Amino acid sequence: MTPPRLRFAPSPTGYLHVGGARTALFNWLYARRHGGQFLLRVEDTDKARSTDASTRAIFEGLEWLGLRWDEEVVYQGASAARHRADAERMVANDHAYRCFCTAADLDFRRKLAEANEGAFKYDRRCDELDRADVARRVAAGEPNVIRFRVPEGSTGWTDLVHGEISFPNKDIEDFVVLRSDGTPIYNMAVTSDDIAMRITLVMRGDDHISNTPKQIMIYRALGEALPQFAHLPMIHGNDGKKLSKRHGATAVADWQHEGILPQAMVNFLSLLGWSPGGEFDEVMSIDELIAKFDASGLRKTASVFDTKKLEWMNGQHLVRMPLGELSPLVRRKLASAGLATEADLAARPEWFNALLELLRVRARTVDDIVRQARPFLSDTVGYDETAAARAWKDTADARALLAAAREVLAACALWEHAALETDLKSLAEARGLGVGKLFGPMRVALTGEANSPGMFDVLILLGRDVALFRLDAAIRELDRRTG
RNA sequence: GGCGGUAUCGUCUAGAGGCCUAGGACGCGGCCCUCUCAAGGCUGUAACACGGGUUCGAAUCCCGUUACCGCUACCA
């Protein structure tokens, strides 16, 4: 069995969206799993809609996901001469013919047919033309397209996802393969390119199922061996409709900017339309995915992009990934948020790693970590009003508690977990309070928030100086509030 | 309209005739843990689109209906 060759063939007409990313991923996984090649082809034949910015966005999206392609990128637009030559070859070997019907005429006939019920199908009138006549009109420069002559019978294949699929040829009209300006129609270009790239497995969205018989006919007309086909189901938004801007972030770059990890995105996407089968741990590394991926696990049904589950998945990867990998990521985000400089954080790696360990377990995105890190990095804290309203309900009481805590902490012999716990617990006990009643007001004083890591962790991370400073500040704030 | 594809909890799915009074995961609810929030553990909620067959027996096979999606362009 020769190594398979697959390709991802996006049109550069926008960002890389999650559906395209999933298609690319499955192609890539299949190639990696079976020791084959994963190629990238940019289908830029539609010059009006294609942009360089989109092409770059697609590259960047694939790179971010870690889907490295083999060989040089193929630009479809660069092969126009071959597309045309292939179309003309089909005329030469009698599988296609010249058609002189104009677009306007066709349009008229189509409307007429539809008005009188019944779908319009090209009537092959130009296939009746005399050969000499055709040659003369072509020589005279009369505009013409090349139409494929659809044979009798039916056209089918064994789809890796759907099994046997076949179409009666009578339902397929003699379709155009080359426009009058000499440029190819999609099905011509794709087939010509897939042949040239020696693609052995065409894996793409199932919106191409109806195109497949036409492409198969072209392969045959050109005397080429057929590749295998696999048509993947689509990904929909949470309303069950096709993904669009309305559904929020459908661009992989948007998720990147919201703090989703590429490995989590890959993992999540891999489970949309594919399953290893049986019971398994859904959280998987890229290597595990490659090892497990197989066409037999491909599913037929469209799936909904569930952002909640993506976020959960991201949280799982956040906790499991090596700290050494997470650390620079967060440092970069912290720096661009203006909360710290990368140099400062790099200078105290142990402290920073301890912080990350505490925060990542309660975060779902990298951005969550950044938000939660604020009290540990900025000089002062702002008090969250709902948190303050609850924990400092009785200001006099809270003030007294914080003053007492300040005193205990200032005198605490050792600034470490055990000592802090002993001292603070005895303070609470002396006052006849549960520790919660003491830690609540302290938490707001120290972090400004209602939620944070455990009190002793917070104190240790902050250090004695900052902790005492914040308690003082909170006491002053409470004085102010009391009036 | 014609042709093609699809149909299991709200969502992702397991299931390839009896193992299914349908399993897992996300979400949601409860309990435990607990200084808060997470994480973790336990647990509850919730599905075979509908109708006919085939079979001793169907979520699984066949047919029809319905719904959704795609194609039906000198778009990709």
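Keep in mind the model is a prediction, meaning the values are calculated, not measured.
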Exercise for review: Using only heavy-atom distances, decide whether a donor-acceptor pair under 3.5 angstrom links the side-chain of A:Ser210 to the base of B:G70.
Suggested key: yes
Practice item. Please state whether the base of B:G1 and the side chain of A:Glu114 form at least one donor-acceptor pair under 3.5 Å? Key: no
I need the [atom1]-[atom2] distance between [X] and [N], as an integer number of Å.
X: A:Asp281; N: B:C26; atom1: CG; atom2: P; value: 10 Å
X: A:Leu271; N: B:C12; atom1: CG; atom2: P; value: 12 Å
X: A:Asp171; N: B:G1; atom1: CG; atom2: P; value: 15 Å
X: A:Met234; N: B:G70; atom1: CE; atom2: P; value: 7 Å
X: A:Ile209; N: B:C3; atom1: CD1; atom2: C1'; value: 12 Å
X: A:Phe268; N: B:G27; atom1: CZ; atom2: P; value: 12 Å

Salt bridge flag under 4.0 Å for residues [X] and [Y]:
X: A:Glu311; Y: A:Lys309; value: no
X: A:Asp193; Y: A:Arg82; value: yes
X: A:Asp368; Y: A:Arg360; value: no
X: A:Arg320; Y: A:Asp281; value: yes

Pairing partner of [N] (Watson-Crick or G-U wobble, both distances under 3.5 Å):
N: B:C75; value: none
N: B:G4; value: B:C69
N: B:U34; value: none
N: B:A39; value: none
N: B:C56; value: B:G18
N: B:G51; value: B:C63
N: B:G10; value: B:C26

Point to revise | Annotated protein contacts, base or backbone, on nucleotides 30-44 of chain B with a non-hydrogen cut-off under 4.0 Å, one of B, S, - each | key: -----BBBBSS----
Side chain [X], main chain [Y], donor-acceptor under 3.5 Å:
X: A:Arg124; Y: A:Asp174; value: no
X: A:Asn27; Y: A:Met203; value: yes
X: A:Ser50; Y: A:Asp46; value: yes
X: A:Asn144; Y: A:Glu142; value: yes

Distances under 3.5 Å between protein N/O atoms and the N/O atoms of nucleotides 14-20 of chain B, please, pair by pair.
from: B:A14; atom 1: OP2; to: A:Arg299; atom 2: NE; distance (Å): 2.5
from: B:A14; atom 1: O3'; to: A:Gly278; atom 2: N; distance (Å): 3.3

Given [options], which nucleotide is nearest the side-chain atoms of [X]?
X: A:Asp306; options: B:G4, B:C26, B:U6; result: B:C26
X: A:Leu272; options: B:U8, B:C12, B:C3; result: B:C12
X: A:Thr301; options: B:U8, B:C12, B:G4; result: B:U8

Point to revise | Residues that A:Tyr30 engages under ring-ring contact (aromatic ring centres under 6.0 Å, His included), provided they are two or more places apart | key: A:His34
Practice item. Give A:Gly205 one of three labels, base, sugar-phosphate or nothing, depending on what nucleic acid heavy atoms sit under 4.0 Å from its own. Key: nothing
Check your understanding: Mind checking whether A:Pro143 and A:Phe100 have side chains closer than 4.5 Å, heavy atoms only?
Key -> no
Point to revise | Residues that A:Glu421 engages under side chain to side chain donor-acceptor pair (under 3.5 Å), provided they are two or more places apart | key: A:His417, A:Lys425
Strictly under 3.5 Å: I want the nitrogen or oxygen pairs between protein and nucleotides 74-76 of chain B, one per line.
from: B:C74; atom 1: O2; to: A:Ser180; atom 2: N; distance (Å): 3.1
from: B:C74; atom 1: O2; to: A:Ser180; atom 2: OG; distance (Å): 3.0
from: B:C74; atom 1: N3; to: A:Ser180; atom 2: OG; distance (Å): 3.0
from: B:C74; atom 1: N4; to: A:Cys101; atom 2: O; distance (Å): 3.2
from: B:C75; atom 1: OP2; to: A:Arg179; atom 2: NE; distance (Å): 2.0
from: B:C75; atom 1: OP2; to: A:Arg179; atom 2: NH2; distance (Å): 2.5
from: B:C75; atom 1: O3'; to: A:Arg179; atom 2: NH2; distance (Å): 3.1
from: B:C75; atom 1: O2'; to: A:Asp46; atom 2: OD2; distance (Å): 3.4
from: B:A76; atom 1: OP1; to: A:Arg179; atom 2: NH2; distance (Å): 2.6
from: B:A76; atom 1: OP2; to: A:Arg179; atom 2: NH2; distance (Å): 3.3
from: B:A76; atom 1: OP2; to: A:Tyr186; atom 2: N; distance (Å): 3.0
from: B:A76; atom 1: O2'; to: A:Ser11; atom 2: OG; distance (Å): 2.5
from: B:A76; atom 1: N6; to: A:Asn211; atom 2: OD1; distance (Å): 3.2
from: B:A76; atom 1: N6; to: A:Asn211; atom 2: ND2; distance (Å): 3.3
from: B:A76; atom 1: N1; to: A:Asn211; atom 2: ND2; distance (Å): 3.4

Practice item. Provide the distance between the two C1' atoms, one in B:U55 and one in B:G17, to the nearest whole Å. Key: 9 Å
Side chains of residues 434-451 of chain A: which donor-acceptor pairs under 3.5 Å do they make with residues two or more places apart or in other chains?
from: A:Arg443; atom 1: NE; to: A:Ser452; atom 2: OG; distance (Å): 2.8
from: A:Thr447; atom 1: OG1; to: A:Arg443; atom 2: O; distance (Å): 2.7
from: A:Thr447; atom 1: OG1; to: A:Glu449; atom 2: N; distance (Å): 3.0

Review point. Between A:Phe26 and A:Trp274, what is the ring plane arrangement, given parallel below 30°, perpendicular above 60°, and tilted in between?
Key: perpendicular
